[in-house]
Asker: 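Dropping the structure in here first, questions after.
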2 protein chains.
Amino acid sequence: MPTRSSGHGSPTIGTVAAEAGVSRATVSRAFSQPHRLKPETVERVLEVARRLGYAVNPMAKALSTGRSGNLALIVPDIANPFFPPMIRAVEQRADTAGYAVFLGHTDEDPAREDLLITRFAKQVDGFVIASSRMIETEIRAHAERRPVVLINRDVARIPRVLIDTTSGVTQAVTHLAELGHRQIAYLGGPSRSWSDGQRRRTVKRVGERAGLSVAMLPGRRASYESGREAVPAILATGVTAVIAFDDLLAHGVLTGLAERDIDVPGQFSVIGCDDVLAAQTYPPLTTVSSRAAEAGTAAVEMLASRLGSDVTGADDRLTLDTSLVVRATTTTAPRPTRKTRTTSATPTG
Amino acid sequence: MPTRSSGHGSPTIGTVAAEAGVSRATVSRAFSQPHRLKPETVERVLEVARRLGYAVNPMAKALSTGRSGNLALIVPDIANPFFPPMIRAVEQRADTAGYAVFLGHTDEDPAREDLLITRFAKQVDGFVIASSRMIETEIRAHAERRPVVLINRDVARIPRVLIDTTSGVTQAVTHLAELGHRQIAYLGGPSRSWSDGQRRRTVKRVGERAGLSVAMLPGRRASYESGREAVPAILATGVTAVIAFDDLLAHGVLTGLAERDIDVPGQFSVIGCDDVLAAQTYPPLTTVSSRAAEAGTAAVEMLASRLGSDVTGADDRLTLDTSLVVRATTTTAPRPTRKTRTTSATPTG
DNA sequence: TTGAAAGCGTTACCAG
DNA sequence: CTGGTAACGCTTTCAA
């Protein structure tokens with residue numbers, strides 16, 4: 001029995017229509033295009049709707065309009081303190097733009113990332129993909145189906161917002177050079193990370209230009225433990241300072257160093273990246289600022305503008321500059337007392 | 001022109017049906033009830049679908065079946081490190097159960113929480129609400145519309161998983177008593193927090209039973225800064241040890257104490273809660289373990305079981321016990337030398 | 001085992 | 001300014 005206005009479940013547009021004595025089309029308009037209706041009609045419909053506790057069913061609406069009003073945010077690792085502020089910002093900005101957001105956690109796995117995006121695809125109007133680990137081809141493929149805005153991943157012709165750590169890392173290297181350090185190391189992060197590539201290249205380039213010998217340590221998971229475990233390798237290179245991919249690693253290094261009774265910054269200088277630990281380490285960590293929240297906000301704005309008007313727009317690429325925040329883990333290089341020896345791997349320079 | 005099998009947009013069930021020479025109903029069945037179809041038919045349909053890149057449209061499916069395959073996770077504060085592991089767990093468990101998850105961030109605001117839930121309602125099959133700040137009436141109202149599982153909020157007859165810190169906090173108080181402390185304080189967290197209430201009561205009860213004098217400090221936002229700022233108030237009470245609502249606050253207290261040259265644990269003992277900072281503070285924080293991830297997983301499981309079968313089931317209430325993790329911020333009470341006095345400013349060494 | 005057709009709740013085009 | 005009526009893409013009786 002196809003009764004539109006039954007009284008059991010949540011009220012539908014039909015229920016309201018019947019009760020208000022108008023057509024379903026009118027009820028629909030009362031919500032989506034009130035200006036095309038006589039004010040008193042709108043008022044009456046809305047009143048009835050309120051009384052009945054009616055609310056538009058987003059899925060039905062989506063099916064009809066082709067726009068879901070949903071976005072998906074994909075991140076590699078929620079547990080990394082770099083992301084929560086970004087997630088928060090995306091959520092907030094999306095919310096004010098009327099979007100609800102799905103959260104996808106890829107656990108740094110490109111395959112999982114690909115899968116998640118595919119699963120979300122039909123249910124969202126667009127994606128914000130942070131620190132994507134997928135290969136360009138895959139990213140492009142997805143971007144062709146749905147609007148995509150990338151964060152910290154530079155793929156031509158795909159809207160993206162990049163936290164440019166070149167500036168901050170350059171300052172970091174220069175800072176160390178000025179303090180008299182002659183040998184420094186870069187402790188890498190996730191290998192597929194665009195940010196890591198950028199930082200790695202910057203340290204190398206700027207370091208060598210400043211006449212420093214710089215050791216590159218292989219990338220690893222960005223975590224406190226990884227940093228702690230990397231200390232022996234770092235020391236083996238004989239450097240007097242290290243710049244880590246991020247604060248988490250740097251924090252771990254601080255601990256590893258402390259465990260070996262190596263004084264920071266007295267005997268060794270450490271610099272982090274992202275400034276997520278603020279002054280919460282001991283000693284307070286010198287680091288490169290980040291702008292995760294801003295990036296999130298900007299990404300949603302880009303996405304929203306794409307969704308609003310079908311602008312095939314220019315090649316959107318927003319970069320956010322960073323800078324060095326000097327705290328207490330860096331100081332002048334120790335005089336070359338004992339000669340630290342490299343054992344096997346990791347040549348310098 | 002109502003052509004079902006046009007060749008432009010993403011393929012629909014009609015496209016596949018036409019291409020495979022079967023009815024739309026058959027295609028639908030090939031995906032949802034393959035066993036009710038001749039194996040070779042299923043195979044052919046699936047093959048065609050794959051070739052065409054067809055994927056079921058979840059919204060259309062949802063509209064038809066009334067189940068969206070989505071869940072919503074509501075949290076008060078993504079930035080608090082207590083939540084990311086939980087979010088991660090929820091996401092993961094939901095994923096394996098075939099659900100996608102919306103994330104809602106309420107920023108500790110009950111009104112916003114209420115609003116978010118309402119907005120999600122029509123689009124999800126159920127909610128996991130963590131540390132809800134809403135009043136019981138509101139929670140009940142929502143729970144009547146959609147299945148709800150609460151985390152760290154104890155509302156009768158609503159499925160909930162509670163991280164029971166009673167055990168851990170009891171151990172904490174006892175630990176301090178055994179170390180000879182006679183006066184301790186509890187530094188409160190968010191006022192609407194169920195966990196805070198539980199911890200507060202436990203500290204008070206167990207403390208007094210052990211013959212300690214216990215000072216209750218008003219609740220505040222669970223953050224590093226709040227903890228740091230609370231130090232003067234703590235010192236003003238003349239206690240020799242403090243148990244903080246969570247690790248963030250405790251960490252802040254550590255800093256505030258250090259700024260005043262008060263040695264921890266030599267002159268003052270500090271205990272946190274949730275164990276989210278692990279050994280990452282200086283000194284490593286004695287704290288009460290937490291089980292955020294487990295709670296998230298359990299919550300989704302409860303929800304999924306409710307969704308699966310319409311069990312009006314018993315009064316589900318799962319509690320997860322905790323215990324004290326002793327690290328390095330607690331030790332025997334200092335002898336009553338100088339009478340600790342609060343001045344005003346922040347003298348540093 | 002398969003097909004026809006009636007919904008699911010909205011929107012949007014076309015009349016009036 | 002408002003109503004009728006096809007879609008939107010899929011599921012699900014009901015028949016065959």
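So that the names make sense, note that chain A is the first sequence line, chain B the second, and so on, each numbered from 1.
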Asker: Under 3.5 Å, which N/O atoms of the protein pair with N/O atoms of nucleotides 13-16 of chain D?
Answerer:
residue: D:dT13; atom: O4; partner: B:Arg29; partner atom: NH2; Å: 3.0

Asker: Please report the distance, rounded to the nearest Å, between CZ in A:Arg24 and C1' in C:dA12.
Answerer: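 Those two atoms, CZ and C1', are 13 Å apart.
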
Asker: Should A:Asp109 and A:Arg192 count as an ion pair when the cut-off is N to O under 4.0 Å?
Answerer: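 The answer is no: the pair does not qualify as a salt bridge.
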
Asker: Within the 4.0 Å heavy-atom criterion, would you say B:Val27 contacts the bases, only the backbone, or no part of the nucleic acid?
Answerer: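 Counting heavy atoms under 4.0 Å across all strands, no contact is made by B:Val27.
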
Asker: Applying side-chain contact (heavy atoms from CB on, under 4.5 Å), name anything that partners B:Leu303, two or more places apart in sequence or on another chain.
Answerer: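 With sequence neighbours excluded, B:Leu303 shows a side-chain contact (heavy atoms from CB on, under 4.5 Å) to B:Leu71, B:Val128, B:Pro147, B:Val149, B:Leu307, given in chain and number order.
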
Asker: Anything under 3.5 Å between a donor and an acceptor, one on a side chain of residues 293-300 of chain B, the other on a protein residue two or more places apart or in another chain? List them.
Answerer:
residue: B:Glu294; atom: OE1; partner: B:Arg291; partner atom: NE; Å: 3.2
residue: B:Glu294; atom: OE1; partner: B:Arg291; partner atom: NH2; Å: 2.7
residue: B:Glu294; atom: OE2; partner: B:Arg291; partner atom: NE; Å: 3.0
residue: B:Thr297; atom: OG1; partner: B:Ala293; partner atom: O; Å: 3.2

Asker: Can you measure A:Gln123 atom CD to D:dC10 atom P for me and round it to whole angstrom units?
Answerer: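 After rounding, the gap between these two atoms is 13 Å.
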
Asker: Does A:Glu47 pair with A:Arg44 as a salt bridge, N-O distance under 4.0 Å?
Answerer: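 Not counted as a salt bridge, because no side-chain N and carboxylate O are separated by less than 4.0 Å.
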
Asker: Could you work out, with ring-ring contact (aromatic ring centres under 6.0 Å, His included) as the rule, every residue matching A:Phe31, not counting sequence neighbours?
Answerer: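 By the ring-ring contact (aromatic ring centres under 6.0 Å, His included) rule, A:Phe31 matches A:Tyr54.
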
Asker: Are A:Gln33 and C:dA12 close enough that a side-chain N or O sits under 4.0 Å from OP1 or OP2?
Answerer: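 So the side chain of A:Gln33 is within the cut-off, an N or O lying under 4.0 Å from OP1 or OP2 of C:dA12.
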
Asker: Round to a whole Å and report the spacing from NZ of A:Lys61 to C1' of C:dA12.
Answerer: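 So the NZ-C1' distance, A:Lys61 to C:dA12, works out to 13 Å.
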
Asker: Residues in side chain to side chain donor-acceptor pair (under 3.5 Å) with A:Arg133, at least two apart?
Answerer: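 With sequence neighbours excluded, A:Arg133 shows a side chain to side chain donor-acceptor pair (under 3.5 Å) to A:Glu108, given in chain and number order.
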
Asker: Does OP1 or OP2 of C:dG3 have a side-chain N or O of B:Thr26 closer than 4.0 Å?
Answerer: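 For C:dG3, OP1/OP2 do have a side-chain N/O of B:Thr26 under 4.0 Å.
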
Asker: What residues form a side-chain contact (heavy atoms from CB on, under 4.5 Å) with B:Arg119, not counting sequence neighbours?
Answerer: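 Testing B:Arg119 for side-chain contact (heavy atoms from CB on, under 4.5 Å), a comparison that skips the adjacent residues, returns A:Asp95, B:Leu115.
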
Asker: So, OP1 or OP2 of C:dT10: does either fall under 4.0 Å of a side-chain N or O from A:Ser28?
Answerer: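 No, outside the criterion.
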
Asker: A:Ala304: which residues meet the side-chain contact (heavy atoms from CB on, under 4.5 Å) condition with it, sequence neighbours left out?
Answerer: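 Partners of A:Ala304 under the side-chain contact (heavy atoms from CB on, under 4.5 Å) test: none.
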
Asker: Under a 3.5 Å cutoff, is there a donor and acceptor pairing between the side chains of B:Ser32 and B:Arg29?
Answerer: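 The answer is no; no qualifying pair exists.
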
Asker: From CG of B:Leu37 over to C1' of C:dT2, roughly how many Å is that when rounded to an integer?
Answerer: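 Those two atoms, CG and C1', are 7 Å apart.
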
Asker: Do the ring planes of B:Phe102 and A:Phe102 sit parallel (below 30°), tilted (30 to 60°) or perpendicular (above 60°)?
Answerer: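 If you compare the ring of B:Phe102 with that of A:Phe102, the planes turn out parallel.
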
Asker: Which residues in residues 40-59 of chain A have at least one heavy atom lying under 4.0 Å from any atom of DNA chain C?
Answerer: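 Heavy-atom cutoff 4.0 Å gives A:Tyr54, A:Ala55, A:Val56, A:Asn57.
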
Asker: Using the rule side chain to side chain contact (heavy atoms under 4.5 Å, CB included), only one of A:Met302, A:Arg157, A:Arg160 pairs with A:Asp316; which is it?
Answerer: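 Between A:Asp316 and the candidates, side chain to side chain contact (heavy atoms under 4.5 Å, CB included) is satisfied uniquely by A:Met302.
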
Asker: Through what angle, rounded to 10 degrees, does the axis of the helix from C:dT1-D:dA16 to C:dG16-D:dC1 turn between its ends, using five pairs per end?
Answerer: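 Here the helix ends are tilted 40° relative to one another.
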
Asker: Would you give me the side-chain donor-acceptor pairs under 3.5 Å for residues 34-41 of chain B, sequence neighbours excluded?
Answerer:
residue: B:Arg36; atom: NE; partner: B:Gln33; partner atom: OE1; Å: 3.3
residue: B:Thr41; atom: OG1; partner: B:Lys38; partner atom: O; Å: 3.4

Asker: For DNA chain D, find the residues of residues 63-71 of chain B with a heavy-atom distance under 4.0 Å and give them by number; none if there aren't any.
Answerer: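 Under 4.0 Å from DNA chain D: B:Ser64, B:Thr65.
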
Asker: Listed by chain and number, what are the side-chain contact (heavy atoms from CB on, under 4.5 Å) partners of A:Val155, not counting sequence neighbours?
Answerer: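 For A:Val155, the residues satisfying side-chain contact (heavy atoms from CB on, under 4.5 Å) (neighbours in sequence not counted) are A:Glu136, A:Ile139, A:Arg140, A:Leu150, A:Arg153, A:Ile158.
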
